[in-house]
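In what follows, a single structure is set out as structure tokens and then discussed.
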Amino acid sequence: MVFFNIMNVSNIKNALLLVDVQNDFISGSLALKNCPAKEDGADIIPIINDEILQDQLCSQFFSIIVYTQDWHPKSHCSFIDNIEHSHFDYQSNIVHLAKPTDVKVFDQVYLKYPLLNITYPQIMWPKHCIDNTWGAELCKDLKIAKPTGTIKDVQFLHKGCDRDIDCYSAFWSNEKFVSTGLKEKLDSLSIQNVYICGLALDICVYHTAMDSKDFGYNTYLIVDACRGVDTFKINEALVNMSDNGISIIQANQVYEHISNTQSQDKITNTQLKSQDKSRIRYKFFDR
Ligand SMILES: [Zn+2]
């Protein structure tokens, strides 16, 4: 048993983002085990519950825990069943996708965002995570943290609610048309470090981590608490994240890692304080 006895000595604030641990991605209409990589989203639940959401630890080190949920209207632009009613951009789609009826699941097409008249790429998915349905609910086995100790807030962030644009990242809609408000929430708690895991690694987890890093947060991907859609894209995402300065860590390293970061901060704070004292002394001799 490892004890981390450094509570209240550091000003570093940590956030935990648990991305889309929802029924449809585990055993529903877009279950990852039926996707090309054949990974099982259910595998991450004991890792999240037992390693990351340990009561004694997460209530000492995290300021906020955010559960994100894909939350789409029935008419959502990402659903292949809606392709014939979508804002299909005939000019931008390549020849073999010349018309909406040619499109298959996992194809990328170009759609138009009518509000801004901008064309954007969209992967077509089976219907999933329709708002207020079982598929959009968090998996019942996933532990839900309580605001206690250092945890000031537990949030449930619904994304992808606009029928005309998808929303992979917890921070932005795709193409950054609309903010979700998550950055403002994290900044209101002076968050510096963001720890991320969930489903799917190469889609929503990836975009969340990249945006987190773009916003300047120290960003950590808990890789064994993620599962993905496509093996090639999972590997590509891991390389891109690493190249962008996102640290890839394991769930059983999270608290040791946070503890080390806070110890470093304590040392730095102590050094700063003694520098302040010497400045005060210097002023004194100056007089
Ligand atoms: Zn979705």
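Counting convention: from 1, in listed order, for ligands and their atoms alike.
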Exercise for the section: Locate the shortest heavy-atom distance separating Lys159 from Cys204; write the atom from each residue and the value. Expected result: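 Heavy atoms only, the tightest pair is NZ-SG, 3.4 Å.
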Problem - Electrostatic pair Lys13-Asp187, nearest N-O below 4.0 angstrom - result: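 Salt bridge flag = no for Asp187 with Lys13.
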Problem - N-O pairing of Asp211 and Lys176 below 4.0 Å - result: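 Judged by the 4.0 Å cut-off on N to carboxylate O distance, Asp211 and Lys176 do form a salt bridge.
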Exercise for the section: Report yes if the distance between the aromatic ring centroids of His128 and Phe79 is under 6.0 Å, otherwise no. Expected result: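 Yes, the ring of His128 comes within the 6.0 Å limit of the ring of Phe79, centre to centre.
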Practice task
Looking at Asp70, pick out the N, O or S atom nearest to the Zn ion (ligand 1) and give its name.
Solution key: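 Output for this pair reads OD2.
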Problem - Atom name in His128, limited to N/O/S, at shortest distance from the Zn ion (ligand 1) - result: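 For His128, the N, O or S atom at the smallest distance from the Zn ion (ligand 1) is NE2.
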Practice task
For the Zn ion (ligand 1), decide whether His72 has an N, O or S atom at a distance under 2.8 Å.
Solution key: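 Under 2.8 Å: His72 contacts the Zn ion (ligand 1) through an N, O or S atom.
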